[in-house]
Every structure is written in C-alpha cells, then in structure tokens.
Peer 1: 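Here it is, the structure, as structure tokens.
Fair warning: this is a prediction, and the values are worked out from it, not measured in the lab. In what follows, chains carry the letters A, B, and so on, assigned in the order in which the sequence lines appear, proteins first and then strands, with residues in each chain numbered from 1.
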Amino acid sequence: MITVPVMADLFAEGKEPDILFWVGSAGSFDDRAKKITRAFVKLLNKANVNFAVLGTEESSSGDAAKRAGNEFLFQMQAMTNIEVMNMYNVKKIVTACPHSFNTLKNEYPDLGGKYEVFHHTQFIEQLVNEGKLDFSNANLDINNITYHDPCYLGRANDEYDAPRSLIKAIGGVNLVEMKRSRNNSLCCGAGGSQMFKEPEKGERDINDLRTEDALETKPDVIATGCPFCNTMMTDGVKHHKKEAEIQVKDIAELLAESLGL
Amino acid sequence: MQFIPNIIFAILLGVGVYFFANNVKKLIRNIKLGKDVDRSDQKSERWANMIRIALGQSKMVKRPVSGFFHIVVYVGFIIINIEVLEIVLDGLLGTHRLFLPILGEGFYGFLIGTFEILAILVFISVTVFWLRRNVIKIKRFWNKEMTAWPKNDGNYILYFEMVLMTLFLVMNATDVHLQQSGTGNVISQFIVPLFHNVSFEGLHLIERIAWWLHICGILVFLNYLYYSKHLHILLAFPNTFYANLKPKGQFPNNKNVTKEVQLMMDPNADPYAAPAEDAGEPEKFGASDVTDLNWVQLMNAYTCTECGRCTSVCPANLTGKELSPRAIMMKTRDRLEEVGRNIDANKGTFQDDGKQLLGDDYIKQEEIWACTSCNACVEECPVNIDPLSIIMDMRQYLVMEQSAAPQELNAMMQNVENNGAPWQYSQMDRLNWVNEE
Ligand code: SF4
Ligand code: SF4
C-alpha cells in the first residue's frame with residue numbers, strides 16, 4: 001500500500017506539506033510511467049517525506065506545447081498551474097519527469113511561479129545524505145547497468161552526477177558508461193515534442209541508434225530518469241529483439257526494488 | 001623616384017583597409033537588422049567565457065586532433081602578425097627590417113626564429129587539415145550542404161595559408177643579410193640551398209617579390225574574410241561574449257504572449273473592450289525571415305565556421321533526417337546576405353522579393369520539425385552558436401501564425417487544451433495510478 005496525500009485534502013485540514021510531488025502527465029496516465037510514479041512514492045513513504053500531489057488539480061506543465069511552438073498554450077498552462085500552486089503556497093517541488101523539471105524550474109519563474117525544483121534523483125540523493133534513506137545494505141541481482149542521460153536533465157540543466165551516484169549506491173551493481181554519455185549523450189528521440197508525432201523521414205529512428213549505444217555496453221539493465229526516455233529505450237530494445245535479456249528501468253524503480261519495496 | 005614603392009604601398013594599404021572597413025560596416029548593419037535582445041548582464045561571466053572559449057579555445061580541444069592543430073594555426077596566426085607590423089612600417093617608410101637595429105640582433109633574431117618555427121608548424125597543420133578534408137574525407141566535411149562555395153572556401157583558405165607561409169620563409173631565405181648574420185634563420189637556412197645558383201641581384205629580386213606578394217596576400221585575406229567562414233576569427237570574440245548564459249533547457253517566454261494570456265485570464269478584464277488606440281500592427285509571433293530573428297542569432301550566422309561539429313552530433317542528422325544545424329546557420333547567413341544586397345540595391349530600404357528564410361528557398365518545414373531540442377548542437381559548437389533557438393522561433397511562427405503544425409501535434413495540443421494532458425485522458429483520472437498495483 002502506498003500513501004499519497006492530496007494537496008486539497010491537506011489544505012482542508014489546515015496542513016501544508018514540505019514538498020509537492022509533481023507527477024506529470026506521463027507519470028499520471030502512461031501505463032509504464034505510472035509504475036515509476038509508484039516506485040518513487042514508495043521511496044518517499046519509506047523516508048517519511050511529508051509530501052502531497054495536486055491530483056486532479058494538476059494539469060500539463062505545457063512543456064510539450066512550448067517545444068511544439070505553441071507559446072500561447074504553454075503560457076496558459078503555466079499560469080493556470082502557477083495559480084493553483086501559489087494558492088497552496090508551494091515552495092518546493094519534486095518531479096520524476098525532466099521535462100516538467102526543466103520547465104517548472106526555468107520557465108515558470110518569470111510567469112510568477114518561483115519554486116525550488118528538484119529532479120527525483122536529486123531529491124533522493126538528498127534523502128540519502130540526510131540519512132533518511134539508506135542503500136548500504138541494498139542489493140540487486142544485476143551485474144551491468146548503463147545509464148542514459150535525459151537531455152532535459154543533462155545538457156539542459158547540467159545534472160549528470162545525482163543519478164550516477166544513486167546507481168553506484170546500490171550494492172553489487174556495475175555502472176558501465178556508453179561511448180556517448182554525460183554532455184555528449186545522444187538524445188533518445190522523444191524531446192522537443194517528438195514523443196507525440198511520427199519522426200520525419202530518414203534512414204532510421206533515433207531510439208534505435210541510441211539503443212545500439214546502450215547495447216554495446218552489454219547491460220542487464222538500461223537505467224533512465226525520464227518517462228519518455230524509458231518508452232523510447234524500451235521500444236529500442238524490442239526493435240533489437242533483446243527484451244528477454246535487457247530491462248529498461250527508472251532509477252527510482254531500481255532503488256525501490258533494491259530495498260525490497 | 002625612390003619614393004614610388006612607398007607610395008604604391010601606401011595606396012595598396014589604404015585601399016585594402018578601406019574595403020575592409022566597408023565590409024565591417026555592412027556586417028554591423030546587417031546584424032543590426034535583427035531584433036533587440038538584452039545580453040548586457042553578467043559582464044564578468046561573459047568576459048570569462050570569451051577568454052576561455054574564444055581566446056583559450058577550450059571547446060576546440062574536445063576533439064583533440066583538430067583542436068591541437070587549430071591551436072597551432074591560431075597561435076601562429078596571431079604571433080606572426082607581429083612581423084606584419086614590421087612589414088607594414090617598412091613598406092610605408094621605405095626601410096628594411098626596421099626593428100632589427102631597435103631590438104638588437106640577438107633579440108630580433110630570436111623573434112624571427114620564433115616566427116619561422118611557427119610558420120613551418122602552421123604549414124604542417126594546414127596540410128593536415130587539407131588531408132583531413134580531401135584525402136581522409138572526414139564525414140562532417142562532406143555533408144550535403146558542403147558543396148560549391150562552402151567546400152571551396154574551406155580549401156582556398158588552406159592554400160592561402162600555405163602560400164603565405166611559404167612566401168614568408170622564401171623572403172627570409174633570400175634576404176642575404178639575414179642569412180649572413182645567422183640569427184633567426186632557423187628554418188629558412190634550409191631553403192637557402194635552393195637558390196645557390198642565383199646571383200645577388202636575383203636574390204634581392206626574389207626577396208622583394210616574396211615581400212610584396214606576402215603583404216598583398218594579407219590584404220587580400222583581410223577582404224576575403226567577409227565572404228568566408230573565416231569571419232569567425234573576428235566574430236568568435238563577440239559571439240562567445242554575448243552567448244546565452246541561462247540553462248540550455250530554458251527557452252525564453254514570449255513577452256507579448258504573456259500580456260495577452262494575462263488579459264485572457266484576468267477575471268476583471270472586459271472581453272469586449274476595444275483594443276487600445278495605439279496598439280498598431282499586431283506583433284508577429286515567431287520567425288519566418290532573418291529580420292524576425294534577434295541580432296545575436298544573426299551574429300551567430302556570420303560567426304559559424306561551418307565546421308559541422310554540431311551536425312555530427314545531431315540525432316536527427318545522424319539518422320538521416322533532412323535537418324542539419326550547420327545548414328540552419330549557413331542558410332540564415334545566405335538569406336541575411338541576400339537581404340543586405342537587396343537593401344543596398346534599393347537605396348537603403350528592403351523591397352519584398354517574395355522569399356523568406358523559412359520556405360522553399362532556404363529552410364524547409366521538414367527540417368524544423370525533425371529537431372528533438374536536445375541541445376547537442378549548442379553544447380558542441382566551439383564558438384557557442386545556438387542553432388536550436390532559430391529552430392524554435394520558426395516553430396512558433398508555423399504554429400501561432402500559420403497553424404501549420406504536423407497533424408499529430410495539433411491533436412496533442414488540442415488534448416492539452418481540453419483535458420490538461422497531451423493524451424486523451426480525463427483530468428479527473430489523474431490520480432488513478434494510486435490504486436493500480
Ligand atoms: S537540438 Fe535539434 S538541431 Fe540541435 S542537435 Fe538536437 S536535434 Fe539536432
Ligand atoms: S554552428 Fe558551430 S558547430 Fe555548427 S558548424 Fe557552425 S561553428 Fe561549427
């Protein structure tokens with residue numbers, strides 16, 4: 001059982017959480033991403049974090065609309081969300097989606113939404129440092145993990161270390177880097193609203209190329225920190241007919257599993 | 001009579017500098033056709049960037065081989081220019097090696113020796129570059145935008161450097177006095193035997209010819225810059241200075257849109273109010289031509305060295321899509337040049353020529369929609385050019401002015417508008433995941 005407090009309920013009781021968990025549209029509706037959402041909540045519960053979600057009051061962050069060129073729709077979404085969050089006096093936000101992370105952190109402030117925003121890997125790392133989560137006895141029956149940097153976490157916001165330090169925190173696993181990693185990482189093909197359309201004509205698909213990079217490391221698991229990368233890499237693994245041997249997992253899922261949650 | 005060479009020299013120098021100044025004027029005028037954008041903040045960070053990236057070439061060495069040879073050429077280019085100062089003064093004053101008595105034989109010889117070593121290193125490096133382009137055929141120099149002028153331009157400049165360096169060394173080798181004094185001729189002494197049959201007068205003649213060709217070559221080079229990717233040797237400095245300092249994922253929020261959205265969301269605003277008297281022409285959203293871009297984006301276009309590092313890491317290009325970030329920059333420059341010529345031909349005002357940067361003549365919609373906004377091109381560019389910002393401005397134009405997004409994106413946007421998610425799910429179901437284990 002997971003415990004997921006909702007902002008409106010807390011508000012009615014006159015309470016305020018320490019942090020808002022921004023679930024995001026993918027995390028709320030996509031079947032694969034929902035598992036990531038639950039895994040992250042298990043970690044939050046385990047660490048006794050006083051959090052809440054907006055639930056039905058959350059709406060698309062507007063990232064996809066903005067990258068598609070629809071600045072109107074983006075700003076409408078942003079201002080609607082800001083109105084809700086400011087009403088609840090939100091100060092801190094954590095999200096498992098680098099796209100929401102980027103837009104909330106960088107593009108909301110000048111529309112009136114000033115918050116301290118964390119990617120879930122940054123937040124978990126903080127919980128570890130504060131001693132609220134402990135992976136020193138955690139174990140996974142996995143040898144090689146390779147990590148795919150999401151563009152909107154890595155190059156867009158210069159966060160390369162938090163996800164890596166968490167992977168390394170799990171006992172028994174071996175982090176193997178791809179030839180293109182960190183700021184040289186290759187996109188999975190989903191960003192800039194590509195997630196929602198067919199690719200333009202070309203020789204092959206981007207996720208297929210990126211999966212090839214990952215396969216070269218002979219991984220048991222391809223780890224990501226983004227629901228869209230997860231979809232793209234999962235499709236890529238299927239394309240290469242490796243789905244029996246290789247799993248694509250979010251870091252939150254790996255961590256939750258390693259603690260037997 | 002004896003002043004004739006000095007006069008000819010002064011005239012050549014004057015003409016060379018005059019044309020160069022004209023080109024610079026045109027360059028600045030064209031860049032100013034762009035919209036305003038404020039990049040006057042964080043001065044110290046900007047200086048640091050310029051020193052690190054333009055002067056220190058920190059991003060060049062990310063690819064160690066080309067980075068190393070590029071630094072050799074760059075250092076050689078700058079230091080050998082000290083010698084050009086002497087050449088110019090000699091030419092104007094009718095002196096010969098003016099600095100020799102001033103600096104003393106030892107130190108002067110040391111300087112000339114350094115220049116000679118650099119000259120030969122530059123020659124070698126430039127040869128390596130030529131081999132990489134033409135024999136090894138490194139892929140990024142053979143993309144489809146690298147034909148005709150861009151391809152030739154890349155080679156011409158290499159030949160140019162080879163010739164200039166050779167002339168410099170021949171000039172020293174045939175300078176009998178310099179060779180006899182035996183200081184500073186570290187490299188040129190090995191060329192001397194080539195001329196052992198030549199009389200004293202002959203040597204003097206060769207020396208003079210090499211001297212004149214060398215300085216004329218430099219003046220020609222100066223004026224070639226404007227038409228070449230080699231404008232980067234000047235523009236890399238302002239370009240890195242004025243580059244974006246915000247996180248790469250942060251795309252600017254369009255201020256005009258903000259005003260309209262605020263008005264729409266304000267419960268107290270009167271929806272039927274007549275627009276303000278001075279509203280004037282409604283602002284165009286996004287960019288379809290060079291004049292819709294900002295001046296930094298236009299300066300980017302002139303700064304682009306056409307090295308293709310951006311394109312070689314672009315996921316869309318790597319998978320065979322039409323998009324190449326380098327081509328975005330090259331087309332922007334070509335169109336800007338065309339607009340500039342149009343203005344020149346029409347007494348200072350632009351006459352509509354039925355063309356736009358976004359359209360069949362230059363950048364096609366297919367290119368714009370292939371981008372994943374991954375920022376790999378921005379990260380990779382050795383002079384901090386931002387091709388992505390141009391792509392995004394064009395998307396805004398296509399969507400907000402033309403409603404010309406791909407069908408699936410229209411569907412996605414409709415979903416966001418109607419139910420607050422890019423897919424067709426009800427907002428009321430946003431919490432269903434809680435109970436779905
Ligand atoms: S941001 Fe766009 S143009 Fe630049 S590398 Fe990525 S996909 Fe290519
Ligand atoms: S934009 Fe930058 S990386 Fe791309 S070709 Fe021009 S100079 Fe090279």
Peer 1: Is any side-chain heavy atom of Glu366(B) closer than 4.5 Å to a side-chain heavy atom of Lys201(A)?
Peer 2: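 A side-chain contact under 4.5 Å exists here.
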
Peer 1: Does some side-chain heavy atom of Val257(B) sit less than 4.5 Å from a side-chain heavy atom of Phe74(A)?
Peer 2: no

Peer 1: If only atom types and distance count, is the side chain of Gln77(A) paired as donor or acceptor with the main-chain N or O of Glu417(B) below 3.5 Å?
Peer 2: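 Judged by distance alone, no pair lies under 3.5 Å.
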
Peer 1: What residues form a side chain to side chain donor-acceptor pair (under 3.5 Å) with Glu107(A), not counting sequence neighbours?
Peer 2: Arg67(A), Thr103(A)

Peer 1: Met413(B) versus chain A, heavy atoms under 4.5 Å apart: side chain, backbone, both or neither?
Peer 2: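 Both parts, heavy atoms under 4.5 Å.
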
Peer 1: Is Asn419(B) close to chain A through its backbone or its side chain, or both, or neither, when contacts mean heavy atoms under 4.5 Å?
Peer 2: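 Contact with chain A is absent: no heavy atom of Asn419(B) under 4.5 Å.
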
Peer 1: Using heavy-atom distances under 4.5 Å, tell me whether Ala78(A) contacts chain B through its side chain, its backbone, both, or neither.
Peer 2: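 Neither part.
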
Peer 1: Pick one of side chain, backbone, both or neither for Ile206(A), based on which atoms fall under 4.5 Å of a heavy atom in chain B.
Peer 2: both

Peer 1: Can you say whether Ala376(B) sits under 4.5 Å from chain A via the side chain, the backbone, both, or neither, judging by heavy atoms?
Peer 2: both

Peer 1: List in chain and number order the residues that pass ring pair (Phe, Tyr, Trp, His ring centres under 6.0 Å) with Phe29(A), two or more places apart in sequence or in another chain; answer none if no residue qualifies.
Peer 2: Tyr425(B)

Peer 1: For Gln424(B), what residues pass the side-chain contact (heavy atoms from CB on, under 4.5 Å) criterion, not counting sequence neighbours?
Peer 2: Asn415(B)

Peer 1: Examine whether an atom of Arg210(A) lies under 4.5 Å from a heavy atom of chain B, and if so say whether it belongs to the side chain, the backbone or both; otherwise answer neither.
Peer 2: neither

Peer 1: Report, in residue-number order, which members of residues 109-119 of chain A are under 4.5 Å from chain B by heavy-atom distance.
Peer 2: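 From residues 109-119 of chain A, the residues near chain B are Asp110(A), Leu111(A).
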
Peer 1: At a heavy-atom separation under 4.5 Å, does Lys62(B) approach chain A through its side chain, its backbone, both, or neither?
Peer 2: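 Just the side chain, heavy atoms under 4.5 Å.
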
Peer 1: Ignoring hydrogens and angles, state whether a donor on the side chain of Glu71(A) or Asn254(B) is under 3.5 Å from an acceptor on the partner side chain.
Peer 2: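 No donor-acceptor contact under 3.5 Å links the two side chains.
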
Peer 1: Name the region of Glu58(A), side chain, backbone, both or neither, that has any atom closer than 4.5 Å to a heavy atom of chain B.
Peer 2: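 When you check distances to chain B, atoms from both the backbone and side chain of Glu58(A) fall under 4.5 Å.
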
